[in-house]
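The chain is numbered in sequence order, starting from 1.
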Amino acid sequence: MSNTQLQKLELLEWIASLQDKSLIERLSQWKEQHQRVSIERYNEELLEADKQIEQGNFLSHEEAIKEVGSWREE
């Protein structure tokens with residue numbers, strides 16, 4: 001068994017023994033954020049983005065820079 005396989009088994013055992021609900025929720029959120037999407041889902045998201053742009057729901061470059069700058073102040 002390779003080192004990577006052993007690490008994965010150790011992680012599985014650790015996750016299976018977790019009792020901390022907030023940690024389990026954070027791990028679930030991380031998984032959702034880092035999971036690959038299907039090509040179908042990706043294309044759906046592109047179509048939705050195009051629709052939003054056509055409806056005028058977007059920020060100009062200047063507006064985006066301003067918004068990102070405000071994140072530092074929070």
Side-chain angles (χ1 to χ4, degrees):
M1 189 176 289
S2 74
N3 189 36
T4 301
Q5 288 173 318
L6 285 173
Q7 287 177 312
K8 289 185 343 184
L9 283 174
E10 287 173 2
L11 283 170
L12 286 171
E13 288 174 3
W14 175 72
I15 290 170
S17 70
L18 281 177
Q19 299 298 316
D20 184 336
K21 289 182 182 183
S22 67
L23 180 55
I24 293 168
E25 180 61 32
R26 289 195 325 246
L27 287 169
S28 292
Q29 290 171 355
W30 185 91
K31 179 186 147 253
E32 289 296 318
Q33 293 170 351
H34 293 84
Q35 195 168 342
R36 289 183 183 239
V37 296
S38 68
I39 191 69
E40 292 84 9
R41 180 70 185 138
Y42 178 76
N43 287 331
E44 288 172 10
E45 290 177 8
L46 287 176
L47 290 172
E48 178 60 30
D50 285 341
K51 192 184 305 180
Q52 292 293 320
I53 291 168
E54 288 172 7
Q55 294 173 352
N57 297 327
F58 62 91
L59 297 176
S60 69
H61 180 75
E62 292 80 17
E63 292 167 329
I65 295 295
K66 225 184 255 187
E67 185 170 323
V68 170
S70 75
W71 297 347
R72 293 184 196 150
E73 298 166 6
E74 293 178 2

Requested in this report: Could you list the residues that satisfy side-chain hydrogen bond (donor to acceptor under 3.5 Å, both in side chains) with Ser22, not counting sequence neighbours?
Outcome: Asp20
Measuring from [X]:[atom1] to [Y]:[atom2], what's the distance to the nearest 0.5 Å?
X: Gln29; Y: Glu32; atom1: CD; atom2: CD; value: 9.0 Å
X: Gln35; Y: Gln33; atom1: CD; atom2: CD; value: 11.0 Å
X: Ile65; Y: Glu63; atom1: CD1; atom2: CD; value: 11.5 Å
X: Glu48; Y: Ile53; atom1: CD; atom2: CD1; value: 10.5 Å

Query raised in the report: Around atom NE2 of His34, are there more than 12 heavy atoms of other residues, nucleotides or ligands at under 6.0 Å?
Result: yes
Query - Joint hydrophobic cluster, Leu23 plus Ile15, side-chain heavy atoms closer than 4.5 Å - result: yes
Query raised in the report: Is there a path from Leu46 to Ile39 through hydrophobic residues (I, L, V, M, F, W, Y) whose side chains come within less than 4.5 Å of each other?
Result: yes
Query - Worked verdict on Arg41 versus Glu44 for salt bridge (charged side-chain N to carboxylate O under 4.0 Å, His left out) - result: CA-CA 5 Å; Arg41 180 70 185 138; Glu44 288 172 10; 3.2 Å; yes
Report task. Please step through side chain to side chain contact (heavy atoms under 4.5 Å, CB included) for the pair Glu25 and Lys21, ending with a clear verdict. Result -> CA-CA 6 Å; Glu25 180 61 32; Lys21 289 182 182 183; over 6 Å; no
Query raised in the report: Which atom names give the shortest non-hydrogen contact between Trp14 and Leu27, and what distance separates them?
Result: CZ3-CD1, 4.2 Å
Query - Heavy-atom pair of closest approach, residues Val37 and Tyr42 - result: CG2-CB, 4.1 Å
